[in-house]
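Given the structure is predicted, the values throughout are model-derived calculations rather than measurements. Counting convention: from 1, in listed order, for ligands and their atoms alike.
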Amino acid sequence: MSIHIGAFRLSPEFLTKRKLRRQCDDYSCNGACCAEGVFLTVYDAQRIVQHGSAIQKYLVEPYDFASWNMTRPGYVSTPVYSRDPQHEHCWFLMRNARCAVHTYALEQGIPVQDLKPYFCRMFPLTLVDLDIDVTEIAIDPKAYDTCLVPAEQENYLFTQFETELRRTIGDAGYAQLGALAA
Ligand code: SF4
């Protein structure tokens with residue numbers, strides 16, 4: 001059953017204890033979480049296209065933004081760069097395993113939230129539809145294969161996502177979550 005924090009529903013997995021820790025905190029991110037690209041809102045894609053020419057210089061190979069198919073709003077995702085089937089990744093992942101959209105926004109003084117795809121900003125959290133009008137904040141299953149690595153100590157999972165949870169449910173909400181675990 002969901003954890004209720006104010007107006008938010010959170011997956012019960014946040015209050016489970018696991019021997020896992022976030023490796024992103026060690027600055028050892030290898031970009032694996034960007035391997036498959038990400039689903040986008042049409043608005044995400046349209047905003048990126050507006051900066052397409054300027055983003056080209058950050059990319060592993062130029063991308064033909066005119067070829068980006070946005071005709072089916074529920075099925076838009078980032079383009080996938082594929083040198084071969086073993087080396088596929090989001091076209092916006094740079095050689096240094098950082099995001100070109102994020103880097104470009106920082107360098108241009110554009111707020112990252114104005115350009116980077118919604119679900120990339122939310123990751124390693126995601127939204128899960130439990131019903132037609134019920135949505136829960138959860139840990140993206142992809143995080144278990146990428147960001148989370150074995151740890152010696154057992155910890156509540158929510159502690160590994162403090163920054164993202166505080167951004168989403170606020171400091172008071174995070175404190176409430178901590179109180180539930182106490
Ligand atoms: S847009 Fe950036 S953060 Fe999102 S999947 Fe692509 S490279 Fe990763």
Evaluate the ring planes of Phe92 and Phe65, with Trp represented by its six-membered ring, and classify them as parallel (under 30°), tilted (30 to 60°) or perpendicular (over 60°). parallel

Surrounding CZ of Phe39 (heavy atoms of other residues, nucleotides or ligands, distance under 6.0 Å), is the total greater than 12? no

Considering only heavy atoms from C-beta outward, does the side chain of Arg9 approach that of Val134 to under 4.5 Å? yes

So Leu165 and Phe8, side chain to side chain contact (heavy atoms under 4.5 Å, CB included) or not? Walk me through it. CA-CA 11 Å; Leu165 282 168; Phe8 300 99; over 6 Å; no

Any side-chain heavy atom of Phe158 sitting closer than 4.5 Å to one from Tyr174? yes

Protein N/O/S atoms closer than 2.8 Å to atom 4 (Fe) of ligand 1: Cys120 SG

Salt-bridge present (Arg22, Glu164; N to O < 4.0 Å): yes

